[in-house]
Amino acid sequence: MADLKIYNSLTRKKDVFTPITPGHLGMYVCGPTVYSDVHLGNCRTFISFDIIYRYFLYLGYKVRYVRNITDAGHLEGDRDEGDDKFSKKARLEQLEPMEIVQKYTLGFHKVMELFNNLPPTIEPTATGHISEQIEMVKHILKNGYAYEVDGTVYFDVEKYNKEKPYGILTNRKLEELLEGTRELGGQDEKKGRLDFALWIKAKPEHLMQWPSPWGMGFPGWHIECSAMSGKYLGTQFDIHGGGMDLAATHHTNEIAQSEACYNVSPARYWIHTNMLTVNGARMSKSAGNGFLPGELFTGDHPLLEKAYSPMTVRFFMLQTHYRSTLDFSNEALQAAEKGLKRLWEAYQNLKQLSSQQLPDTPADAALDVRVRELVKGFDDSMNDDFNTAKVLANMFELTPVINSLRGGQIPPGSISRSTFAFLNKQFTVYLKDVFGLREDSAGDNGRLEGVLQLLIQIRKEARAKRDFVTSDKIRNELNEQGIILKDEKDGNVSWSFG
RNA sequence: GGUCCUGUGGCCGAGUGGCUAGGCAGAGCUCUGCAAAAGCUCGUACAGCGGUUCGAAUCCGCUCGGGACCUCCA
């Protein structure tokens, strides 16, 4: 099999992927902090990794895909003081912190399902792994890379940096980082400005706190990923992923923690997905320019001209490489909607063709070769750092061939039986299994189909009698209901939702 | 200020040193009772200026523009 190349943030180039254990993949992706609704930018990351997960499954790997739910700690701003996000939100909504967690976790899962993302194989929560996190902090303390001040434990970045480069993931030297850091007022307890908390002392009024060797407190905001990835994937595993915004702090600190604890770099390949932007600026919770998936599906947002379905959005994202920023606009979304429709209808035409008899030797050898090359290109493109956009381009090049085969513009038998089988299999597998696209309006199609066939039959009879008043009435009124009838060359009539 | 990424035809977007990306929109044609759909044809783009090269949108330098990170964020 051809090599799979992955752009590795650690080496800043495309590396050939070699698993630690042949045939197995361990992948950790930073999940959401469930104190509010996920917005579309978050979804992009999870969709990107869903495609990566699906591609490894397609390649036959046994994958352990761990994606955490952050439901503890995390202060508002890294000031090591004040409220954590859950307590704040809990007070705001007058709920228990765990009710907040439950509410937004359920919402998150619902959205993931709408986008047809496969669930990870393990989805651990931070609150469920407090003892593992405490153990890890103890270990780091014992190894001398952390210190305790009045119930709070800090990671000693400068000491660590003397032995191992701290900023390797983003290619920065400690001195440069120090220059960029502001003086933190009233933060005397930290020895170094870059030091970050592993464990934080809780004030009595804190809603979420746990006992520890250093008193009542809660975990710092990087340790959970280190503890849980270590627990479920081992101290070193294949792939660690997350949004690009996490690289500079969160992932940098994860590497430092794992090195300080186990003396090993946690992941061999780091994959970072790029941001979703709106009018050129990054979509983020704090900027307030975030779209919620629900607003998108209903079209209920000032910037949206209409509603867009989850599959349109998924397809829209697939048209751009995961490491490029993706700008969100009505025009782009509408183009995606139409493009997906075209692709989907080609797929349906392909299914219609499946029963045809084909020769062993193609009548049109050049076409036969071209089809094979395009289909083969699916794997080649994915092997080049998951180039989904290129795969789609190939699919679109195959679309007129499929449609012509169906419509008769290309005579049957032009391609061989084996080529057709290859096309049929790969087109289907890629569309559904690798890209995870599915029919949007799956619903009451069973009965609707029957009714439509009746109307199509009546219209056909009217047309045979040249009663175009009746035939046009049927077509036009169905059109108003959002159903489009299409007369095909051979006299067949197909329909689709407008 | 520091570390990076990026600038492609009307819009969105892939991309390899030399061969048509693709989608959407637009124009023409074929088919059709008409329409829609489908099929065919059409744009010769790569921020600017230099350099390397037989040859660069693709490599290097500079200039200009956009963005991310350095502070919670996928």
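Proteins come first, then strands; the chains are lettered A, B, ... in the order of their sequence lines, and each starts at number 1.
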Peer 1: Give the rounded distance in Å between these two atoms: CG of A:L194 and P of B:G2.
Peer 2: 18 Å

Peer 1: Is any side-chain nitrogen or oxygen of A:S329 closer than 4.0 Å to OP1 or OP2 of B:C11?
Peer 2: no

Peer 1: For A:H39, which contact category applies under a 4.0 Å heavy-atom criterion: base, sugar-phosphate, or nothing?
Peer 2: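 Touches a base.
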
Peer 1: Ion pair present between A:E345 and A:K486, side-chain N to carboxylate O less than 4.0 angstrom?
Peer 2: yes

Peer 1: Give me, pair by pair, the N or O atoms of the protein and of nucleotides 41-43 of chain B that are less than 3.5 Å apart, along with how far apart they are.
Peer 2:
none

Peer 1: Taking atom C1' of B:C12 as reference, at what distance in whole Å does atom CZ of A:R44 sit?
Peer 2: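 The distance from CZ of A:R44 to C1' of B:C12 comes to 13 Å, rounded to the nearest Å.
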
Peer 1: A:D245 has an atom CG; how far is it from atom C1' of B:C4, in whole Å?
Peer 2: 15 Å

Peer 1: Dot-bracket, RNA chain B: Watson-Crick or G-U, under 3.5 angstrom, [ ] crossing, | other strand?
Peer 2: (((((((..(((.....[...))).(((((.......)))))....(((((..]....))))))))))))....

Peer 1: Can you tell me how far CD1 of A:I271 sits from CG of A:L10, rounded to the nearest 0.5 angstrom?
Peer 2: 12.0 Å

Peer 1: What does A:L276 touch in the nucleic acid at a heavy-atom separation under 4.0 angstrom: a base, only the sugar-phosphate, or nothing?
Peer 2: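 Base contact - A:L276 has a heavy atom under 4.0 Å of at least one base atom.
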
Peer 1: Report which part of the nucleic acid A:M395 touches: base, sugar-phosphate, or nothing (heavy-atom distance under 4.0 Å, all strands).
Peer 2: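 No contact.
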
Peer 1: Where along nucleotides 24-37 of chain B does protein come under 4.0 Å, by heavy atom, of base (B) or sugar-phosphate alone (S), with - for untouched nucleotides?
Peer 2: SS-----S-BBBBS

Peer 1: Contact class for A:M244 vs. all strands (heavy atom < 4.0 Å): base, sugar-phosphate, or nothing?
Peer 2: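 No contact.
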
Peer 1: Between A:Y160 and A:F155 (judged by ring centroids, cut-off 6.0 Å), do the two rings come close enough to count as a pair?
Peer 2: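 Between A:Y160 and A:F155, the centre distance is under 6.0 Å.
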
Peer 1: Measure the distance from OH on A:Y166 to P on B:C70 and round it to the nearest whole Å.
Peer 2: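 Between P of B:C70 and OH of A:Y166: 11 Å.
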
Peer 1: In whole angstrom, give the distance that lies between atom CG of A:D385 and atom C1' of B:G15.
Peer 2: 13 Å

Peer 1: More than 12 foreign heavy atoms under 6.0 Å from NZ of A:K306: is that the case here?
Peer 2: yes

Peer 1: Identify whether any heavy atom of A:G41 sits under 4.0 Å from a base atom; if not, whether one sits that close to sugar-phosphate; answer base, sugar-phosphate or nothing.
Peer 2: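 Result for A:G41 = base.
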
Peer 1: Could you check how far CG of A:L374 sits from C1' of B:U20, rounded to whole Å?
Peer 2: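 A:L374 atom CG is separated from B:U20 atom C1' by 12 Å.
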
Peer 1: Are OP1 or OP2 of B:U3 and a side-chain N or O of A:N171 less than 4.0 angstrom apart?
Peer 2: no

Peer 1: Give one of base, sugar-phosphate or nothing for A:S284, where a contact means two heavy atoms less than 4.0 Å apart.
Peer 2: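 The answer is base, as A:S284 lies within the cut-off (heavy atoms under 4.0 Å) of a base atom.
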
Peer 1: When the distance from CG of A:D327 to C1' of B:A68 is rounded to whole Å, what number comes out?
Peer 2: 14 Å

Peer 1: Within the structure, does a side-chain N or O atom of A:N403 lie under 4.0 Å from either OP1 or OP2 of B:G39?
Peer 2: yes

